[in-house]
Amino acid sequence: LAGSLFLAPRVTSSLKSGFGEVDTESRIAPRLMVEKLDIPESAVTLIFSSDHVVATDPRYARQVEETVAPLYDIPEVVRVVTFYTSQNQDMVSADGRTTYGFVQLNTDIETSVDIFPEIRARLRPGELDVWATGGIAIFSDLNEASERDLRRAEMITLPIVLVALVIVFGSIIAAGLPMIMGIASISMTLALVFLLAQGTDMSIFVLNIASFLGLGMAIDYSLLMVSRFREELVHRGVEEAVAVTCATAGKAIVFSAVTSIIGLSGLLFFQFMMLRSLGIGGMAVILFSMLLALSLMPALLALLGHRVNSLSIIPQRAVVGHFWLRMSRWVMRHPVAVIVPVTASLLLLGAPFFDVKLGSPWASILPEDAEARQGWELVAEEFGAGELSPIVVVSTSEESVLSPENVGAAYDFVQSLAQDPRVARVESIVTLDSSVSREQYQQLYSSPSPGLIGGPAVVTALDELTSDSGNAGLMRVFTRYHPVSDETKALVDDIRDDRPGGSLETNLTGVTPDLMDTVDRMYTDFPKMLIYVAITTYIALFWLFRSVFLPLKAVIMNVMSILASFGALVFVFQQGHFADLMGFTAEGFTEASVPILLFAIVFGLSMDYEVFLLSRVKEEYDATGDNTASVATGMERSGRIITSSALILILVAAGFATGDILIVKALGFGTALAIFIDSTVVRALLVPALMKVMSGLNWWAPRFLGGRPRGGVDRAA
């Protein structure tokens, strides 16, 4: 812990934004652009606007030049492209008051994000309004907003959680133990993440998951340890109470941590840096929480002894436990009457998920006051929704892209696009003049000096859109729609289905193809994660409970909780219900990474409560052999712990739901809802009802697997 206090504060500077590089078509194309066309991979888009001067006015040109002049002192800046350097009329709005340009950089995306603050700081707007936007600016603003969300969540939740802990534990001393555990596990995790980040990319969102899970697991494990220690302390000495606590609650914590780590380790199946690093960060914080619960917590309990109840504020009464005892007995007297409506309600809540439409937001992922989002939306309003997000078609050929066959193929391709109502315009070497025919373009580019024949426009087009060797070229297809719209996605699919002919090999890139490829790749790997997590969790729970059916029931119960939360996600974030109340703009789709991350996080957290409950039930069953009585006693002893832990974890998750970043907001909301459903409806109603119906089957396993035959008593509840 002492060592981590030195490293943890340095972690932010080592973390990355974005999803990371994967080998998809939309990521291959930019590499070809760099290697063959010498087009920089990274660029920052600048928006210039004035209320009283138009772009043709020399004062406007002078102000643009003065604004960008300091950027040339930055070594990474290759050049700055504006309307005045390119003479591209499409870079000026219809009213002439808004223009845009690009700052081209010789660095990769991650490095460009790191130096973006310097670029923004050096701009000298003068009388012009200036916005910086585009992918680099969006990622940079995302980093800032993520850190701001984390600070806000901590400021909101920590005081509330501290008060809740005092109420739950009844004493200030006992309530302080989870805070000590949480601070220690978070600090050690961030230190480990800092060390890992020196050798591999780690996402900025690791900060959020480490803070959330670190505090959540500290509360879970502390509640279990302290509650059991207090219980044992009534009729045992301090040392023996600590030992029994470790042998019982400690064992439950180990298996709880294992199942949580299994859920998060499923993220390692994904190739995306963001998902992998969140899995690593989540596993690390749970591992440290477990180790602290088995070492630091017993040491503190041994030191405190009976003083764990010192500074008591609220007397702890047994009536709460009796409530859970009466509840479980009532449920087990009417199991079918409970199972049918509860199951139907969960399925109904999850029903909207069957209409899920997965996607990825772009600038709208940021809060409305973010500069990158404001600049992007200004261009969409003044120029058109797709002006800054063209579909880029990168073509390569073993022979020249300027051969008659390839020029003809490009011309035919562009002409078909020109008839498409979704396309605003196409920039290519065969769209310089609409009066030039297919054959004339073929003749032009077959000549030894096309620039001399075609003039400056041809020279500029060849310089910008083809390689010096002539074996590569590109086209830019500008759409009339936003990059995340259904129309633009459908256009990308159509282009991929009907690519240019000739000897051209094409790869598509741009905002829309990149987002589409990211979603497709994620959900290619997601089924592998589901199968792995389900099977591995089943094996771990079988090892703990020596039962064939209990682990299966636990997995199914978790899936039902998660399905219900998935349905609520679609209802709120895709369909837009309560959008104004929660402060976001519904895009008509569900952010694709949220169900994956929610499954990984909630599956482990929900399994915590299952392990806590069934460990106590099994302890009683091993002692009595009475299924019904052991379930009732297990509910009595663990019900308050599970409810208290869930309540506090819901408060923590709700704090993250107040964030500005849509992904963080959706994860906080989904996690809070899933935990609420799991700790109330599922654990309090479905689990005891099903265990009553299953009776002796709960504990059956073949003898060769270490189980016991079906049997035992099952007295009436």
Side-chain angles (χ1 to χ4, degrees), residues 1 158 161-162 164-165 168-169 173-189 209-233 241-264 281-304 308 540 544 601-616 619 637-653 671 675 678-679 683:
L1 175 60
L158 287 180
V161 166
L162 191 55
L165 286 172
V168 169
F169 283 103
I173 297 297
L177 294 177
M179 302 304 291
I180 295 172
M181 291 268 292
I183 292 170
S185 62
I186 292 171
S187 177
M188 295 166 74
T189 298
I209 199 169
S211 178
F212 171 65
L213 289 179
L215 190 56
M217 293 299 98
I219 292 168
D220 274 0
Y221 299 163
S222 298
L223 269 170
L224 196 62
M225 293 287 285
V226 173
S227 298
R228 188 58 185 257
F229 177 68
R230 283 172 153 180
E231 184 180 329
E232 299 298 330
L233 204 57
V242 171
V244 172
T245 298
C246 287
T248 53
K251 180 180 179 181
I253 286 171
V254 169
F255 279 90
S256 168
V258 167
T259 55
S260 295
I261 288 173
I262 288 171
L264 287 160
M283 289 190 294
V285 77
I286 291 174
L287 178 62
F288 282 128
S289 297
M290 180 193 73
L291 294 175
L292 289 166
L294 300 179
S295 56
L296 177 61
M297 180 60 74
L300 291 174
L301 294 177
L303 286 173
L304 289 171
V308 73
L544 173 62
I601 294 171
V602 171
F603 194 91
L605 291 178
S606 297
M607 201 59 73
D608 274 356
Y609 305 135
E610 185 81 8
V611 171
F612 292 171
L613 171 60
L614 294 185
S615 294
R616 200 59 189 261
E619 190 178 330
R637 301 291 174 83
S638 65
R640 181 176 180 275
I641 297 172
I642 291 173
T643 304
S644 301
S645 172
L647 172 62
I648 297 172
L649 205 55
I650 287 170
L651 293 174
V652 176
T671 302
I675 293 172
D678 192 82
S679 61
R683 302 300 162 219

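Only heavy atoms go into these numbers, but all of them, side chains included; no hydrogens, no water, no symmetry mates. All of these numbers come straight from a predicted model, not from anything done at the bench.
Across all non-hydrogen atoms, the minimal contact from Ser638 to Leu613 is OG-CD1, 3.3 Å. Considering every non-hydrogen atom in both Ala210 and Thr189, the closest pair reads CB-CG2, 4.1 Å. In this structure, Thr245 and Phe229 approach most closely via the heavy-atom pair OG1-CA, 3.3 Å. Considering every non-hydrogen atom in both Val285 and Gly214, the closest pair reads CG2-CA, 3.3 Å. Residues Leu292 and Ser185 approach most closely at CD1-N, 3.5 Å, considering heavy atoms. The two residues Pro298 and Ala293 have their closest heavy-atom pair at CD-O, 3.1 Å.
Looking only at side-chain heavy atoms (C-beta outward), Leu605 and Met217 come within less than 4.5 Å of each other. Considering only heavy atoms from C-beta on, Val308 comes within 4.5 Å of Arg230 through its side chain. Looking at Phe603 and Ile262, their side chains never come closer than 4.5 Å, going by heavy atoms from C-beta outward. Looking at heavy atoms from C-beta onward, Leu177 lies in side-chain contact with Leu301 at the 4.5 angstrom threshold. Between Ile180 and Leu296, some side-chain heavy-atom pair lies under the 4.5 Å cut-off. The shortest side-chain heavy-atom distance between Ile209 and Leu264 falls under the 4.5 Å cut-off.
In this structure, CE on Met188 lies 9.5 Å from OG on Ser289, to the nearest 0.5 angstrom. Ile642 contributes atom CD1, which lies 13.0 Å from atom CG of Leu649 (distance to the nearest 0.5 angstrom). Once rounded to the nearest 0.5 Å, the distance linking CG of Leu213 with CD1 of Ile286 reads 5.0 Å. We find the CG-CG distance between Leu162 and Leu651 to be 12.0 Å, quoted to the nearest 0.5 Å. Rounded to the nearest 0.5 Å, atoms NZ (Lys251) and CG (Leu294) are 13.5 Å apart. The CZ atom of Phe612 lies 13.5 Å from the CZ atom of Phe255; values are rounded to the nearest 0.5 Å.
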Exercise. What's the verdict on salt bridge (charged side-chain N to carboxylate O under 4.0 Å, His left out) for Glu231 and Arg637, showing C-alpha distance, side-chain angles and the deciding distance?
Worked result: CA-CA 10 Å; Glu231 184 180 329; Arg637 301 291 174 83; 3.1 Å; yes
Exercise. How far apart are the C-alpha atoms of Val602 and Asp678, what are their side-chain angles, what is the distance that settles it, and do they pass the side-chain contact (heavy atoms from CB on, under 4.5 Å) test?
Worked result: CA-CA 10 Å; Val602 171; Asp678 192 82; over 6 Å; no
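A distance-only check finds no donor-acceptor pair linking the side chain of Ser227 to the backbone of Leu224 [under 3.5 Å].
A search for side-chain contact (heavy atoms from CB on, under 4.5 Å) contacts involving Ser222 returns Pro178, Met181, Met297, not counting sequence neighbours.
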